[in-house]
Structures are given as C-alpha cells and as structure tokens.
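Worksheet: the structure to be examined is printed underneath.
Source: prediction; values computed, not measured. Whatever order the structure lists ligands and atoms in, that order sets their numbers, starting from 1.
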Amino acid sequence: MNYLSGTEDISLGKLRDTLIRLEDTIIFALIERAQFSYNEPVYKAGLYKYKGCEDFEGSFLEYFLQESEKLHAKVRRYQSPDEYPFTERHLLPDPIIPAIEYPQILKPNDININAKIMEFYVKHIIPSLCAMDDDQNYGSAATRDVTCLQALSQRIHYGKFVAEAKFRDPKDQPKYIEYIKARDSKAIEELLTNKKVEEDLLKRLKRKALIYGQDITEAGDFTLDANLKINVDLVVELYEKWVIPLTKEVEVAYLLERLDN
Ligand SMILES: C=C(O[C@@H]1C=C(C(=O)O)C=C[C@H]1O)C(=O)O
C-alpha cells in the first residue's frame with residue numbers, strides 16, 4: 001500500500017538532506033542528556049507508583065514517555081490517533097512536514113521498532129553516555145531521554161519515506177516488485193543498501209560529534225584538549241550498530257507492504 005497521496009515531492013536527495021540534519025538533532029540531544037548522571041532509578045521498572053496510574057508497572061522513563069506521548073497526541077494537527085492510528089506503517093497524508101514538526105510518537109507496532117530503540121538506548125547508549133553515578137536529577141534525565149528517543153524514532157522511521165522514494169525510481173522498481181512478490185527481504189535490503197552513503201555518514205558523524213562536543217572560548221578557540229561533552233565513538237557506534245540497521249529494517253518492512261491494496 002502506498003501511504004503517500006502521490007503528489008509529494010519525495011526526492012531521495014531531499015530526504016537524505018533531512019537525515020543529515022537529524023544527525024545534528026540527535027547529537028545535541030545526546031549532549032544534553034550527557035550533562036546528567038546515569039541515575040539508575042530512572043530505568044528501574046516498578047520502582048515508583050504514579051497517582052492515577054496505580055497499575056502502571058514500567059520505569060520512571062517509560063511513564064514519562066507515555067505521558068509525553070499523550071500530550072503530543074492531543075496537540076497533533078490530525079485526527080486523534082484513534083481515528084487515524086499513527087502506526088509506524090502509516091505515512092501521514094502530507095507526511096514530510098508534520099513528521100518533522102511533530103516528534104515521532106513511540107508506539108508499539110508490527111515490527112516493534114520503537115521497543116528496539118528503547119532497548120538499545122537504555123541498555124547500551126545511556127550507560128556509556130553518562131557518568132555512572134546518581135545526581136538525583138531524575139526528571140531532567142528523563143526529559144532528555146524522551147527527546148533522544150523521539151529524535152531517534154523519527155530518524156529511523158524516515159526509512160518509510162526513503163523506501164518510497166527508492167520504490168518510485170523506474171530503474172529499480174521492477175526489481176523491488178519482483179522481490180516484494182517473492183517476500184525476499186534479503187534481496188530488498190541488498191537493493192536498497194547504499195554503502196557509500198553509509199560510509200560517508202559515519203565519517204561526517206565523527207567530525208560533527210568532535211566539533212559539537214567542544215566548548216569555544218571567548219576568543220573563538222576550540223577547547224580541543226578539554227573533556228568533550230560527548231563520547232564521539234559512542235555516537236558512531238549508535239549509528240553503525242543500531243540507527244542504520246533499524247532504518248533499513250523500516251525500509252524493508254515498508255516495501256514488503258508496498259503492493260498491498
Ligand atoms: C537511508 C538510506 O537507506 C539506507 C540506510 C542508510 C542510513 O540509515 O543512513 C543509508 C544508506 C542506505 O543503506 C539511503 O539510501 O539514504
């Protein structure tokens with residue numbers, strides 16, 4: 001099924017420019033979170049009870065995220081999610097701008113992408129990003145985590161638009177159709193993979209994290225020797241091990257549905 005109305009200009013070049021811009025969003029969101037300690041209680045399920053949600057058994061972060069999503073759902077320009085379930089499989093009617101304006105709502109979905117984002121973020125990113133002590137700034141830590149999760153989810157789900165743009169390329173469309181009909185996910189992923197774009201991205205990302213992670217003195221000098229605000233290798237690992245593979249998983253999942261009536 002093509003969730004786009006067919007009139008949008010979804011050139012691959014413009015979409016890639018948006019993904020490059022989202023690198024900045026994600027790096028700065030991680031820098032903001034890294035100001036605070038790990039604060040383990042934020043991630044412990046069932047540690048706190050919440051007024052009005054006494055049966056909620058998740059962590060402080062999961063509660064914060066759930067309540068943030070409820071707020072986002074109230075302010076969305078479209079019908080309420082019940083009328084137009086904004087699942088990962090659906091692209092918004094005029095998808096490009098709202099997807100940028102509104103943070104990606106983290107929701108369970110068929111391919112469980114948001115659960116995978118939450119898992120790698122809490123298990124592998126946060127412990128390496130933050131000082132492993134407790135500075136009691138649980139609210140500050142959780143708000144920064146929600147910003148990081150929504151930026152990561154938005155970036156990864158942009159794979160839907162990228163997949164649509166690739167599908168519309170007349171050079172490759174016959175092969176996509178053949179592989180979709182054969183339900184050959186591996187062949188679809190190989191066809192949509194662009195190793196040069198991935199390699200260039202990781203090189204650019206390392207440079208961005210190195211520069212964004214520094215302070216600039218009044219004289220305009222970079223404080224190269226001082227502690228960086230962000231673990232540069234972690235940012236590269238984040239993309240190499242999780243962001244890029246999950247984006248491709250979204251692309252494949254979207255394309256597998258592309259021919260549905
Ligand atoms: C997003 C794209 O599709 C794939 C995923 C990429 C990524 O997640 O950065 C980069 C290149 C492709 O392998 C693209 O082609 O730009």
Side-chain angles (χ1 to χ4, degrees), residues 2-4 8-30 88-92 95-97 99-100 103-104 106 109 111-121 124-125 148-177 179-180 184-209 212 230 232-258:
N2 168 14
Y3 298 112
L4 291 165
E8 293 79 8
D9 167 15
I10 55 162
S11 77
L12 192 51
K14 282 187 181 173
L15 291 169
R16 283 175 173 163
D17 288 344
T18 301
L19 293 180
I20 290 171
R21 179 67 186 77
L22 283 169
E23 291 166 8
D24 306 344
T25 305
I26 289 167
I27 293 171
F28 281 113
L30 292 169
E88 276 60 19
R89 293 180 297 111
H90 288 275
L91 298 179
L92 294 170
I96 304 298
I97 300 305
I100 297 172
Q104 180 80 35
L106 290 169
N109 59 84
I111 50 177
N112 223 8
I113 287 289
N114 286 314
K116 291 174 182 173
I117 293 172
M118 176 68 89
E119 185 185 9
F120 79 66
Y121 180 80
H124 302 284
I125 303 305
C148 289
L149 288 165
Q150 288 179 330
L152 287 165
S153 183
Q154 184 172 11
R155 191 291 177 181
I156 288 166
H157 286 95
Y158 239 79
K160 296 178 288 187
F161 308 135
V162 170
E164 180 60 27
K166 290 178 177 177
F167 182 81
R168 293 184 185 186
D169 180 344
K171 174 173 63 64
D172 289 335
Q173 188 170 101
K175 282 183 276 188
Y176 278 119
I177 291 172
Y179 297 152
I180 292 168
D184 190 341
S185 302
K186 189 171 182 305
I188 294 170
E189 180 166 351
E190 283 170 7
L191 182 56
L192 65 80
T193 292
N194 184 318
K195 275 299 174 197
K196 173 85 171 56
V197 168
E198 293 181 23
E199 287 159 6
D200 290 350
L201 179 158
L202 295 173
K203 287 178 198 155
R204 180 178 60 245
L205 204 65
K206 186 161 190 165
R207 284 199 295 272
K208 281 186 174 182
Y212 298 167
I230 186 87
V232 174
D233 293 335
L234 177 66
V235 175
V236 175
E237 182 189 11
L238 166 68
Y239 266 74
E240 195 165 20
K241 284 176 73 173
W242 291 290
V243 173
I244 293 173
L246 285 176
T247 301
K248 294 201 277 189
E249 190 173 329
V250 167
E251 290 184 62
V252 170
Y254 174 88
L255 288 167
L256 283 171
E257 290 183 40
R258 183 57 179 76

I need the single residue from K166, E164, K160, E249 that forms a side-chain hydrogen bond (donor to acceptor under 3.5 Å, both in side chains) with Y254. Which is it? E164
For the residue pair D184 and E190, establish whether any side-chain heavy-atom pair is separated by less than 4.5 Å. no
Kindly indicate whether the side chain of L201, heavy atoms from C-beta on, has any atom under 4.5 Å from the side chain of I244. yes
For Y212, which residues count as a ring-ring contact (aromatic ring centres under 6.0 Å, His included) partner, sequence neighbours excluded? F28
From L152 atom CG to W242 atom CH2, the distance as rounded to the nearest 0.5 Å: 11.0 Å
Pocket residues of ligand 1, ordered first by chain and then by residue number (heavy-atom cut-off under 4.0 Å): R16, L19, R155, V162, K166, L192, T193, N194, V197, E198, L201, I244, T247, K248, E251
Candidate pair E189 and E251, rule side-chain contact (heavy atoms from CB on, under 4.5 Å), full reasoning: CA-CA 8 Å; E189 180 166 351; E251 290 184 62; over 6 Å; no
